[in-house]
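See structure below.
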Amino acid sequence: PGKVTEDDTVMTVSTINIEDNPNYTSPPGVYRERDRSKPDQMVYKNEQSLQLIVKGLEQGDKREIVKYPYKPLNIFNYHQMKLFVHGDTHDADVNSISHYEEETGYNAEVYFRFGTDSLNFYEYRQPVEPGWKEITIDFAELTSLKQARTAIDSFYQVPVKGKKGHFYGVIGNPSLRKISFFTFGVKNPKKTKTLPDDG
């Protein structure tokens, strides 16, 4: 894989929302919040998601976006973190980033990382599939994973129970008391082809 430059066009980042995009659908079980600043009216807040459009992702290559909180977050007292991922349903043919046959036959995977820095983080990884898919990260599982490994200087991963093709991972010594970044990435794990279509 080549070095990513400022004019890289493989991944375009934008937002998509329910008010401006007629084809946008909310994740299952997610409902728009009511705007409480106008109690006499039934006004709802706009619901939106990040939109990542990926084109020409080469074999073994990846693209990612990073969010740095204003100050490190302490999420130690929480039990879970949930987020949703949506693969394109309109173009999920064999060349699409959203093409999925089974847990060992897919074109791309997404990963979500969070931790202290690039050498100390937790990871959740899964295949890209068409439609909305929920990611539930259980912090007790991450803590167990961190304690079960034998070396802290190499990446260690285990399958997520009941979720084929999904993995928890850890490297270094991340702490739920000091989360300094969140990364969301897309990777082409294939060794034989480039993914030409939008995802």
Side-chain angles (χ1 to χ4, degrees), residues 4 6-55 62-92 97-98 108-118 120-143 160 162-163 166 168 174-187 198-199:
V4 178
E6 195 172 311
D7 58 350
D8 183 81
T9 59
V10 173
M11 184 168 74
T12 305
V13 182
S14 61
T15 58
I16 185 170
N17 65 69
I18 202 163
E19 292 182 2
D20 298 323
N21 307 95
N23 293 330
Y24 179 84
T25 58
S26 298
V30 173
Y31 303 98
R32 294 173 70 185
E33 290 183 57
R34 187 172 167 199
D35 186 346
R36 302 290 179 185
S37 66
K38 300 177 182 178
D40 57 330
Q41 300 176 25
M42 292 295 287
V43 177
Y44 292 92
K45 294 181 180 180
N46 189 14
E47 192 222 307
Q48 69 179 8
S49 298
L50 278 175
Q51 182 178 41
L52 309 179
I53 299 174
V54 180
K55 298 180 181 180
K62 65 183 178 181
R63 291 295 185 275
E64 58 189 33
I65 56 172
V66 182
K67 168 74 174 174
Y68 299 100
Y70 175 69
K71 63 180 182 178
L73 299 177
N74 182 348
I75 58 174
F76 181 78
N77 292 322
Y78 291 89
H79 299 288
Q80 293 181 331
M81 182 186 306
K82 290 189 178 186
L83 55 144
F84 293 89
V85 176
H86 186 279
D88 191 2
T89 54
H90 303 294
D91 183 15
I97 195 171
S98 301
E109 56 191 17
V110 294
Y111 56 90
F112 179 66
R113 294 176 178 166
F114 58 99
T116 312
D117 54 43
S118 62
N120 300 278
F121 62 83
Y122 294 108
E123 178 182 278
Y124 191 101
R125 181 179 298 265
Q126 74 175 56
V128 176
E129 298 181 56
W132 285 112
K133 302 299 174 193
E134 182 179 311
I135 295 176
T136 301
I137 300 171
D138 188 310
F139 294 154
E141 293 289 327
L142 292 181
T143 302
V160 176
K163 296 271 192 178
H166 296 226
Y168 283 126
S175 170
L176 294 175
R177 295 181 189 274
K178 189 178 180 183
I179 304 300
S180 300
F181 78 94
F182 297 93
T183 296
F184 188 83
V186 181
K187 182 176 182 180
D198 294 359

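Since we're looking at a predicted model, the values are computed, not measured.
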Might you point out which heavy atoms bring Pro22 and Asp20 nearest each other, and give the distance in Å?
-> CD-O, 3.6 Å

Cation over ring, Arg177 on Phe76, under 6.0 Å and within 45°?
-> yes

With the side chain counted from C-beta on, respond yes when Gln48 and Ile16 share a heavy-atom pair under 4.5 Å apart, and no when they do not.
-> no

Is there a side-chain contact between Leu142 and Ile137, using heavy atoms and a 4.5 Å cut-off?
-> yes

Which atom of Glu64 lies closest to which atom of Arg113, heavy atoms considered | OE1-NH1, 4.2 Å

Output, in order, the C-alpha distance, side-chain angles, deciding distance and verdict of side chain to side chain contact (heavy atoms under 4.5 Å, CB included) for Thr143 and Glu141.
-> CA-CA 5 Å; Thr143 302; Glu141 293 289 327; over 6 Å; no

Counting only N and O atoms by type, is there a donor-acceptor contact under 3.5 Å from the side chain of Arg34 to the main-chain atoms of Pro39?
-> yes

Of all the heavy-atom pairs spanning Gly87 and Val128, show the shortest one and how long it is.
-> CA-CG1, 4.2 Å

Can you find a heavy atom in the side chain of Ile135 that is under 4.5 Å from one in the side chain of Phe84?
-> no

Is the count of non-hydrogen atoms from other residues, nucleotides or ligands lying under 6.0 Å from Gln41 atom CD greater than 12?
-> yes

Quick one: does Asn21's side chain have a donor or acceptor within less than 3.5 Å of a partner on Asn23's backbone?
-> no

SB check Glu19 Arg32 (cutoff 4.0 Å) = yes

Non-hydrogen atoms of Ile97 and Ala108 that approach each other most closely | CG1-CB, 3.3 Å

Heavy-atom nearest pair, Pro174 first then Thr116, reads CA-OG1, 4.0 Å

Should Arg125 and Lys187 be marked as a side chain to side chain contact (heavy atoms under 4.5 Å, CB included) after you check the CA-CA gap, both sets of side-chain angles, and the distance that decides it?
-> CA-CA 10 Å; Arg125 181 179 298 265; Lys187 182 176 182 180; 4.0 Å; yes

Given Thr12 and Leu52, is the side chain to side chain contact (heavy atoms under 4.5 Å, CB included) satisfied, shown in steps?
-> CA-CA 6 Å; Thr12 305; Leu52 309 179; over 6 Å; no

Tyr168: ring pair (Phe, Tyr, Trp, His ring centres under 6.0 Å) partners, not counting sequence neighbours = Tyr124

Pair Val186-Arg63, side chain to side chain contact (heavy atoms under 4.5 Å, CB included): steps then yes or no | CA-CA 5 Å; Val186 181; Arg63 291 295 185 275; 5.5 Å; no

Sub-4.5 Å side-chain heavy-atom contact between Tyr31 and Glu47 = no

Considering only heavy atoms from C-beta outward, does the side chain of Phe139 approach that of Leu176 to under 4.5 Å?
-> yes

Mind listing the closest non-hydrogen atom pair of Pro130 and Ser98 along with its distance?
-> CD-O, 3.2 Å

Report the relative orientation of the aromatic rings in Phe184 and Phe112; use parallel for angles under 30°, tilted for 30 to 60°, perpendicular for over 60°.
-> tilted

Do side-chain atoms of Trp132 reach the backbone of Thr25 as a donor and acceptor pair under 3.5 angstrom?
-> yes

Side chains of Ile18 and Ser26: closer than 4.5 Å at any heavy-atom pair?
-> yes

Decide yes or no for Phe114 and Glu123: does some side-chain heavy atom of the first lie under 4.5 Å from some side-chain heavy atom of the second?
-> no

Taking the inter-plane angle between the rings of Phe181 and Tyr68 on a 0 to 90° scale, is it parallel (under 30°), tilted (30 to 60°) or perpendicular (over 60°)?
-> tilted

Student check: side-chain heavy atoms of Met11 and Ile65 closer than 4.5 Å = yes

Distance-only side-chain donor-acceptor flag, Glu134 / Thr136, under 3.5 Å = yes

